[in-house]
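First the structure, in the form of structure tokens, and then the observations on it.
Keep in mind it's a predicted model, so treat the numbers as computed, not measured. Worth knowing before you read on, the calculation uses all heavy atoms, side chains too, and leaves out hydrogens, waters and symmetry mates. Letters A, B, ... are given to chains in the order of the sequence lines, protein chains preceding strands, and every chain is numbered from 1.
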Protein chains: 2
Amino acid sequence: MSQMQSVEKQLRHMILGLEIGPGEKLTERWIENRFGASRTPVRAALLRLETEGLVSRDGRGWSVSPINLAELEQIAVYREAVEVAALRLTCALADRSAVDVIEAMLESCDNDTPREEWHRVGMDFHIELARLSANEFLFRAVRDSMTRLSRARWLEVRDEAALARAWAEHRAILAAVRLGDAEEAARLLTSHIVGSRDRLVTSLANDRRGLRARGFAVVAA
Amino acid sequence: MSQMQSVEKQLRHMILGLEIGPGEKLTERWIENRFGASRTPVRAALLRLETEGLVSRDGRGWSVSPINLAELEQIAVYREAVEVAALRLTCALADRSAVDVIEAMLESCDNDTPREEWHRVGMDFHIELARLSANEFLFRAVRDSMTRLSRARWLEVRDEAALARAWAEHRAILAAVRLGDAEEAARLLTSHIVGSRDRLVTSLANDRRGLRARGFAVVAA
DNA sequence: GATACCATTTTGGGATACCAGACCGGTGTT
DNA sequence: AACACCGGTCTGGTATCCCAAAATGGTATC
């Protein structure tokens with residue numbers, strides 16, 4: 001059995017789900033025992049997760065990357081550049097009917113939907129929207145950005161009002177894309193990303209003490 | 001001795017310098033012998049180079065990534081997005097004196113300068129310009145893009161006229177940045193990137209037969 | 001002569017043994 | 001009580017072994 005991908009997947013899942021706290025130390029031996037794999041696949045997983053920014057070298061060893069407010073702000077700028085570029089490409093497409101699939105994705109969330117699902121769909125909206133551009137690099141950039149933002153976004157998903165607002169903005173963006181109005185879509189997406197960032201950073205800065213109490217490392221901006 | 005980084009560095013250098021042809025098969029054992037390292041650091045190197053796009057899985061084994069025309073075109077779009085975003089940030093800075101350092105870098109190339117140096121400085125121009133934005137993600141995006149483009153750019157550097165043109169465009173961009181004219185700088189950078197891409201893709205498509213004869217895999221757009 | 005088949009070799013994936021250096025805790029000294 | 005020292009333990013880095021699967025090449029058959 002190829003345990004390599006399994007270790008990587010499981011470890012990523014634990015990190016993204018905050019089952020292992022940001023800033024926590026990791027030893028190859030612990031991972032080895034935890035997932036019943038040997039060091040070769042463990043090391044492969046760590047190397048991959050390092051490039052995703054989920055894990056970092058900590059001196060000689062490893063640790064789960066802390067949540068970094070300065071990094072979140074920089075990612076927002078990066079996201080804005082790549083997502084807007086992807087969006088403009090998509091608006092220029094002759095066939096933009098694929099937005100309906102994304103719209104349907106949004107509709108699949110209602111009051112009975114668990115938090116986890118909202119969290120996932122909220123990210124997938126951006127990822128799938130970027131995929132429509134058919135540009136592999138823009139797509140990957142968005143996907144990787146969302147992975148890096150994923151842990152911090154658990155906070156936003158706890159705020160009912162923020163969630164409703166995000167969904168409304170998502171729908172508005174899709175509407176503009178459907179019409180092929182690149183300028184309007186870009187404007188909406190930009191303000192959505194900037195707004196998200198502001199709410200996220202504010203909320204993280206406020207919760208910082210509480211998060212640290214739970215053992216989560218949160219680095220200031 | 002930490003041979004891990006050494007293997008990675010040396011292998012990357014051979015690949016970027018076309019000492020190992022695009023599309024060529026690689027075996028872990030060959031690398032092992034070639035660099036006198038054992039398989040663990042070899043695997044680490046391969047995993048890292050894979051994320052850089054220099055090496056790809058080829059069935060069960062590994063091979064040097066072929067030069068892919070479709071990929072080059074997509075990277076150009078991606079580059080345009082991130083480089084322009086970085087440039088706008090830089091233009092908004094109060095202190096833009098760092099452009100002088102980049103200007104000096106360009107000036108360091110004259111008729112006696114070896115091809116290799118022109119090649120490196122041509123890439124470093126874009127990388128260092130992106131670094132000025134002080135956004136780590138935009139910077140990395142540009143750096144990684146240039147790495148991916150590096151091999152294909154060996155062709156452009158053989159064309160004296162193209163080189164002169166590129167340098168002129170580089171200088172014009174710096175001049176606009178120095179004035180803080182973001183719109184003009186963005187316009188110049190965009191057309192520089194688009195122009196580079198067109199010349200590169202055209203020239204590659206023309207040389208494709210010759211490159212293949214040298215054993216270089218070149219995938220069509 | 002082409003092709004299907006089988007034995008051998010080779011390959012990457014995984015496991016394990018070993019090492020040098022960092023880290024930690026206790027002890028003895030001041 | 002504070003601090004310097006020292007020995008054991010733990011960790012990541014490396015080398016090496018083993019294995020299953022895939023590639024290879026030769027051979028017999030049609």
Side-chain angles (χ1 to χ4, degrees), chain A residues 1-16 19-66 68 212 215-217 219, chain B residues 1-16 19-66 68 212 215-217 219:
Chain A
M1 170 170 69
S2 171
Q3 295 206 328
M4 195 179 69
Q5 293 186 6
S6 176
V7 173
E8 184 185 335
K9 223 178 236 187
Q10 292 183 63
L11 187 55
R12 184 190 292 111
H13 188 267
M14 286 188 72
I15 293 173
L16 291 180
E19 293 174 55
I20 316 180
E24 217 163 300
K25 293 274 190 303
L26 287 176
T27 70
E28 297 186 353
R29 257 82 176 194
W30 180 83
I31 302 171
E32 198 178 338
N33 290 327
R34 179 66 176 73
F35 300 108
S38 87
R39 296 184 64 196
T40 310
V42 167
R43 301 197 94 240
L46 285 170
L47 286 174
R48 291 242 174 73
L49 293 177
E50 185 187 22
T51 70
E52 294 180 32
L54 298 183
V55 144
S56 352
R57 286 232 127 80
D58 183 38
R60 213 170 50 116
W62 299 94
S63 65
V64 177
S65 300
N68 185 324
R212 280 183 176 280
F216 293 172
V219 177
Chain B
M1 170 171 70
S2 171
Q3 295 209 331
M4 194 180 68
Q5 293 186 6
S6 176
V7 173
E8 184 185 335
K9 223 177 236 187
Q10 292 183 62
L11 187 55
R12 185 190 293 110
H13 188 267
M14 287 188 72
I15 293 174
L16 291 179
E19 294 173 53
I20 316 180
E24 217 164 299
K25 292 276 191 302
L26 288 175
T27 71
E28 296 185 355
R29 256 86 175 190
W30 180 83
I31 302 170
E32 198 179 342
N33 290 327
R34 180 67 177 72
F35 300 106
S38 87
R39 297 184 63 198
T40 310
V42 167
R43 285 189 198 166
L46 285 170
L47 285 175
R48 291 243 174 72
L49 294 176
E50 185 187 23
T51 72
E52 294 180 34
L54 297 183
V55 144
S56 356
R57 285 234 131 77
D58 185 35
R60 208 172 55 117
W62 299 93
S63 64
V64 178
S65 300
N68 185 325
R212 281 182 175 281
F216 294 171
V219 177

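- Between the CD atom of Glu8(B) and the P atom of dT14(D) there is a distance of 12 Å, rounded to whole Å.
- The base of dT11(D) has none of its N or O atoms less than 3.5 Å from a complementary donor or acceptor on the side chain of Arg29(A).
- Whole-Å rounding puts the Asp58(A) CG to dA22(C) P distance at 15 Å.
- Relative to the side chain of Thr27(B), the nucleotides dT11(C), dG13(D), dT16(D) differ in distance, and dT11(C) lies closest.
- Taking the charged nitrogens against the carboxylate oxygens, Glu52(A) and Arg48(A) have no contact shorter than 4.0 Å, which rules out a salt bridge.
- For dT11(D), neither phosphate oxygen OP1 nor OP2 lies less than 4.0 angstrom from any side-chain nitrogen or oxygen of Arg57(A).
- With dG12(C), dA15(C), dA20(C) as the candidates, the nucleotide lying closest to the side chain of Arg60(A) is dA20(C).
- The CG atom of Asn33(B) sits 12 Å away from the P atom of dG12(C) (whole-angstrom rounding).
- Using a 4.0 Å heavy-atom cutoff across all strands shown, Leu46(B) reaches no nucleic acid atom at all.
- Between dT14(D) and Ser38(B), no contact under 4.0 Å exists linking OP1 or OP2 to a side-chain N or O.
- Counting all heavy atoms, side chain and backbone alike, Ser56(B) lies closest to Ser65(B) at OG-OG, 2.7 Å.
- With rounding to whole Å, Glu32(B) atom CD is found 15 Å from dG13(D) atom C1'.
- Closest heavy-atom contact between Ala37(A) and Glu32(A): O-CG, 2.9 Å.
- A straight line from CD of Glu28(B) to P of dA21(D) spans 18 Å, rounded to a whole angstrom.
- Below the 3.5 angstrom threshold, one finds a donor paired with an acceptor across the side chain of Arg43(B) and the base of dG13(C).
- At the heavy-atom level, Leu26(A) lies under 4.0 Å from the strands shown only through sugar-phosphate atoms.
- Arg39(A) contributes a side-chain N or O that forms a donor-acceptor pair with the base of dG13(D) under 3.5 Å.
- Here the rule is side chain to side chain contact (heavy atoms under 4.5 Å, CB included) with Val42(B), and of Leu47(B), Asn33(B), Ile31(B) only Ile31(B) fits it.
- Considering only the side chain of Thr40(B), dT14(D) comes nearest among dT14(D), dG13(C), dG12(D).
- One can place NZ of Lys25(B) at 13 Å from C1' of dT11(C), the figure rounded to the nearest angstrom.
- Leu54(A) places none of its side-chain heavy atoms less than 4.5 Å from the side chain of Leu11(A).
- Base pairing of dA20(C): its partner is dT11(D), meeting the Watson-Crick or G-U wobble criterion (both donor-acceptor distances under 3.5 Å).
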